[in-house]
Amino acid sequence: MIDPGSILAGKTLCFYFTSNACKPCKSFAPKLEEVWLKAKEAKKNFEVVLVSQDPTKEEFDAYMNHCKFSAIPFEESDLRKDLRARWFVKGWPWVVITDDTGKILNPKGNDQILGGLENFPFAPPLVQDFTKVAPMSLNKQVCFFAFAQDAKSCAAVKKEMETLAARNKDMVFATHDESYAHPRDAKKMATKMRKFAKVKDGEAALVIVDVVGRVKHVRYGLESGNATKFLLDYSSGGLVEQVGTGQIPAQADVDDGKAYDYDLFVIGGGSGGLACSKAAAATGKKVAVADFVRPSPPGTTWGLGGTCVNVGCIPKKLCHTAALHGEHLHDAVKYGWNVDVKSTTHDWKTMITNVQAHVKSLNEGYESQLKSKDVKYYNAFASLVDKHTVQLKHGWGKDAKIETKTARRFVIACGGRPKYPDGPGLKEYSISSDDIFSMEKPPGKTLVVGASYVALECAGFLTGLGYDTTVMVRSIFLRGFDQQMANMIGDYMGKTGTKFLKGFVPTKCEKMEDGKLKVFYEPKNGGKEETIVVDTLLLAIGRVPETKWLNIDKLGMKLDKGGKILTATNEQTSVPNIYAIGDVASDKLELTPVAIMAGKLLAERLYNRGQTLMNYANVATTVFTPIEYGAIGLAEEDAIKQYGADNIEVYHATYRPLEMFVADRMAEDCYLKLVCNKLRGEQVIGLHILGPNAGEVTQGFSVAMRRGATKADFDLTVGIHPTVAEEFTTLDITKSSGISAKKEGC
């Protein structure tokens with residue numbers, strides 16, 4: 001196929017789309033040619049290209065005798081089809097002006113040009129990307145449809161629709177079989193959209209779609225006034241459009257009509273996989289989940305539930321809480337409690353026993369939930385044989401039982417595992433987050449390698465529990481997070497007892513005769529090698545996806561450089577019937593609630609008429625370091641990079657929680673800021689807070705930010721006094737002012 005750019009480059013083009021079956025076409029061609037010649041005489045950089053349907057060679061040649069302008073060559077049927085599809089053109093006469101990149105400048109439909117092409121507006125162009133142009137909605141912002149089985153069912157809202165149409169000239173309103181714009185195509189388009197929106201026979205619904213036919217919002221039922229309220233909600237921003245991040249285009253997931261063992265098979269029994277499987281089963285589909293844990297290098301395994309439940313969020317937060325209780329004991333003395341802090345000790349084994357008891361109760365609960373939802377659970381290692389077949393290996397040994405199952409669709413939700421560095425003994429003698437939460441023996445003096453949130457969280461609670469802890473940092477703290485906040489976390493941890501080796505990397509590890517570990521390290525850019533002797537070496541340098549065990553390379557599935565699966569905005573992989581959610585998917589937030597939401601929404605879209613895509617923007621998250629860090633949206637440096645420094649205003653303040661005045665702690669350690677986009681009326685695009693209970697403070701603000709909250713909205717919000725959260729409602733100092741961010745008083 002020839003490059004479309006060879007036709008488009010350097011010209012403003014008037015594409016004339018036509019069909020050999022369309023009667024007005026032959027008489028229309030000379031009229032178009034006449035206008036083209038006038039444009040040439042006016043020295044406009046203007047060219048006409050005919051993009052026909054698919055006539056015979058004789059018909060094509062005969063047609064070209066009627067005009068002198070260019071045409072897509074007869075042999076290039078794929079290119080003609082591609083161009084027509086790109087601009088939603090079917091068989092009717094159609095004229096559209098594009099620039100040399102193919103972007104629509106001024107579209108006109110047949111009903112607007114057949115009466116007088118000479119009035120076709122060549123200049124000034126109505127600059128408009130084709131994502132806002134379609135046959136049913138020329139120059140409109142949105143199509144608004146009311147669907148029902150027949151027109152009679154729409155009678156309740158027909159008058160309401162007519163009123164809305166009169167008031168909203170920038171929208172197209174259509175019922176099932178008639179429209180207030182382009183009535184010729186309304187029934188066909190409405191029928192198609194009804195199918196997309198999954199409106200059942202006899203059922204009515206209001207649907208807002210974009211102009212290329214993508215469903216944005218659905219509200220079922222046509223009660224009086226519903227259409228007006230629905231449109232008002234949409235116009236006012238009350239309906240938050242759900243968008244996703246995708247690296248590949250979505251494809252048609254076509255049912256081949258064959259019988260399979262399962263409608264849906266989920267590979268991975270973590271938070272996302274379990275949520276997806278239960279949601280799918282709730283719609284009546286036959287669903288299965290396979291989950292199996294490869295032993296870590298020290299041999300640690302765990303039960304159903306994935307990383308978060310077993311070796312992540314849950315045990316981490318409990319250990320973090322244990323460390324905070326140690327701080328609270330010291331605070332209690334200031335509040336009058338007679339506590340002998342010096343004689344108080346922490347028992348590691350008791351903590352781990354109780355943490356693991358809770359984790360195991362969750363494992364059992366998940367298995368019980370799957371049974372109650374009629375989801376078949378396979379405690380087996382799954383790998384794909386082909387796009388509809390999975391191999392299940394019941395165990396990790398060579399003699400493990402193997403069976404195969406088939407499924408109409410698969411969801412890959414197997415997550416990732418800790419990454420290990422190269423170097424003698426580093427993997428052999430170390431542990432990771434896979435192991436620390438089930439260690440019966442206290443870790444003792446510990447070297448944590450890495451500066452990720454896992455590294456800093458583990459180092460934080462180890463220090464808080466009284467263990468001599470050192471963190472080896474290769475470059476920066478918390479890559480991907482706001483660096484001002486990350487460095488403040490490092491400073492606080494240093495003040496409260498954690499040691500840091502900055503700019504170093506481990507090279508090897510040796511086990512000494514007394515059982516201790518000698519870790520060798522050197523500057524990251526090379527230099528003199530040094531050593532540190534510790535009881536425990538904990539590696540937390542990142543995670544890698546579990547994709548290499550799935551055999552997905554045999555399916556031609558596309559991966560990113562790190563081995564994560566590329567997905568479309570609907571979580572679909574490059575294999576149309578296979579989807580991926582959670583940490584295994586590329587360019588997604590590695591957070592448990594994100595995987596859960598993505599899994600639920602995916603099941604809803606596949607089996608329950610859902611239309612909502614996962615929105616990965618403005619997701620609240622918290623790093624549970626000794627001083628907690630909550631964040632939503634963009635880091636300050638990312639906001640500046642995206643919008644420019646002149647368009648960003650940062651409101652900030654240091655603060656001291658009321659309870660810390662009596663405890664005599666955190667005098668200047670707590671800090672918060674709002675990153676605002678001045679181009680959008682100071683819309684808050686980044687929220688960051690450092691202080692106690694940051695997670696509890698942050699969560700609610702994500703709702704406001706998803707709705708486009710501005711700094712003025714924060715200012716008009718009445719705070720709860722005295723709380724940490726109210727600090728966001730009183731910010732009045734900007735970084736650009738140069739005034740100190742230190743707050744005086746309560």
Side-chain angles (χ1 to χ4, degrees), residues 311 313-361 431 433 435-448 454-471 489-501 512 514-517 532-538 540 623-629 656-670 690-696 724:
V311 292
C313 319
I314 299 301
K316 175 271 306 285
K317 179 70 180 296
L318 293 175
C319 291
H320 169 66
T321 302
L324 292 181
H325 281 315
E327 293 181 343
H328 295 160
L329 287 174
H330 289 81
D331 295 344
V333 175
K334 297 281 188 177
Y335 278 93
W337 288 94
N338 295 316
V339 179
D340 186 358
V341 177
K342 293 183 180 180
S343 63
T344 302
T345 59
H346 178 266
D347 186 79
W348 173 271
K349 187 174 182 180
T350 298
M351 179 188 73
I352 292 299
T353 298
N354 291 328
V355 167
Q356 284 301 307
H358 177 63
V359 168
K360 285 178 172 55
S361 72
I431 65 169
S433 56
D435 312 292
I436 190 169
F437 301 111
S438 57
M439 286 176 52
E440 293 188 2
K441 181 182 177 182
K445 183 179 180 181
T446 302
L447 173 64
V448 179
V454 175
L456 297 185
E457 287 175 339
C458 289
F461 73 69
L462 287 175
T463 299
L465 297 176
Y467 300 105
D468 184 347
T469 306
T470 301
V471 179
I489 291 172
D491 292 343
Y492 182 82
M493 290 179 66
K495 285 176 20 178
T496 52
T498 302
K499 303 170 187 174
F500 290 96
L501 289 170
M512 304 169 66
D514 60 1
K516 293 184 180 294
L517 303 176
I532 181 174
V533 177
V534 295
D535 298 299
T536 299
L537 171 61
L538 193 160
V623 181
F624 290 99
T625 39
I627 186 168
E628 294 179 8
Y629 167 37
R656 192 178 193 183
L658 177 63
E659 54 270 30
M660 293 303 168
F661 281 91
V662 174
D664 196 22
R665 290 197 292 127
M666 295 184 172
E668 297 181 348
D669 302 302
C670 299
L690 205 62
N693 304 306
E696 307 298 335
V724 168

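Hydrogens, waters and symmetry mates are skipped; everything else that's a heavy atom, side chains included, is used.
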K.L.:
So, for Thr498 and Ala459, which heavy atoms are closest and what is the spacing to 0.1 Å?
P.N.:
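So the two residues come closest at OG1-O, 4.1 Å.
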
K.L.:
Does a side-chain heavy-atom distance below 4.5 Å link Met493 with Thr463?
P.N.:
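The answer is no, as the side chains (C-beta and beyond) never meet within the 4.5 Å cut-off.
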
K.L.:
Looking at NZ of Lys349 and NE2 of His346, how far apart are the two atoms once the value is rounded to the nearest 0.5 Å?
P.N.:
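Spacing of NZ (Lys349) from NE2 (His346) equals 14.0 Å.
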
K.L.:
Using every non-hydrogen atom in the two residues, find where Phe437 and Cys458 come nearest and quote the distance to one decimal.
P.N.:
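Taking Phe437 first and Cys458 second, the nearest heavy atoms are CZ-SG, 4.4 Å.
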
K.L.:
Less than 4.5 Å apart, side chain to side chain, heavy atoms only: is that true for Lys499 and Asp468?
P.N.:
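A side-chain contact exists here, since the closest heavy-atom pair is under 4.5 Å.
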
K.L.:
Closest heavy-atom contact between Thr536 and Pro443?
P.N.:
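Looking at all heavy atoms of both residues, the shortest contact is OG1-O, 2.7 Å.
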
K.L.:
Between NZ of Lys334 and CZ of Phe661, what distance do you get to the nearest 0.5 Å?
P.N.:
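Rounded to the nearest 0.5 Å, the NZ-CZ separation comes to 14.0 Å.
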
K.L.:
Could you pull out all residues at least two apart from Tyr492 that satisfy ring pair (Phe, Tyr, Trp, His ring centres under 6.0 Å)?
P.N.:
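Partners of Tyr492 under the ring pair (Phe, Tyr, Trp, His ring centres under 6.0 Å) test: none.
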
K.L.:
Could I get the full list of side-chain contact (heavy atoms from CB on, under 4.5 Å) partners for Cys670, not counting sequence neighbours?
P.N.:
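By the side-chain contact (heavy atoms from CB on, under 4.5 Å) rule, Cys670 matches Ile627, Tyr655, Pro657, Met666, Pro692.
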
K.L.:
How long is the span from the CG atom in Leu324 to the SG atom in Cys319, to the nearest 0.5 Å?
P.N.:
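These two atoms lie 11.5 Å from each other.
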
K.L.:
Output the distance between atom CD1 (Ile489) and atom CG (Leu456), rounded to the nearest 0.5 Å.
P.N.:
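One finds 7.0 Å between CD1 of Ile489 and CG of Leu456.
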
K.L.:
Indicate yes or no: at least one non-hydrogen side-chain atom of Ile436 is less than 4.5 angstrom from one of Leu462.
P.N.:
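Heavy-atom side-chain distance check passes, below 4.5 Å.
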
K.L.:
Once you round to the nearest 0.5 Å, how far does NE2 of His320 lie from SG of Cys313?
P.N.:
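Reported to 0.5 Å precision, the distance equals 13.0 Å.
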
K.L.:
Could you tell me whether the side chain of Leu465 reaches within less than 4.5 Å of the side chain of Met351, counting heavy atoms only?
P.N.:
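Yes - at least one pair of side-chain heavy atoms lies under 4.5 Å apart.
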
K.L.:
Is there a side-chain contact between Val724 and Asn693 in this structure, where contact means two heavy atoms from C-beta onward sitting under 4.5 Å apart?
P.N.:
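SC-SC contact between Val724 and Asn693 ruled out.
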
K.L.:
Within the 4.5 Å heavy-atom criterion, are Leu329 and Thr344 side-chain neighbours or not?
P.N.:
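With C-beta onward as the side chain, the pair touches.
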
K.L.:
Quick check on side-chain contact (heavy atoms from CB on, under 4.5 Å): which of Thr469, Leu447, Val448, Thr446 does Val534 satisfy it with?
P.N.:
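The option that passes is Leu447.
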
K.L.:
For Met660 and Arg656, work out which heavy atoms get closest and say how close.
P.N.:
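Shortest heavy-atom separation between Met660 and Arg656 comes out as O-NH2, 3.4 Å.
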
K.L.:
Indicate yes or no for a side-chain donor-acceptor contact from Tyr467 to the backbone of Pro442 under 3.5 Å, with no hydrogens or angles considered.
P.N.:
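Not at all, since once roles are kept as given, no pair shorter than 3.5 Å links the two residues.
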
K.L.:
With the side chain counted from C-beta on, respond yes when Lys495 and Asp669 share a heavy-atom pair under 4.5 Å apart, and no when they do not.
P.N.:
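Lys495 reaches Asp669 side chain to side chain.
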
K.L.:
Can you give me the closest heavy-atom contact between Asp535 and Lys516, atom names plus distance?
P.N.:
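In this case the closest contact between Asp535 and Lys516 is OD1-NZ, 2.7 Å.
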
K.L.:
Nearest 0.5 angstrom please: Phe461 CZ to Thr321 OG1, how far?
P.N.:
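Those atoms lie 11.0 Å apart.
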
K.L.:
Quick one: list whatever passes side-chain contact (heavy atoms from CB on, under 4.5 Å) with Ile352, sequence neighbours left out.
P.N.:
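Expected list: Trp348, Gln356.
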
K.L.:
Is the shortest heavy-atom distance from the side chain of Arg665 to the side chain of His330 under 4.5 Å?
P.N.:
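When only atoms from C-beta onward are counted, His330 and Arg665 do not touch, as no gap falls below 4.5 Å.
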
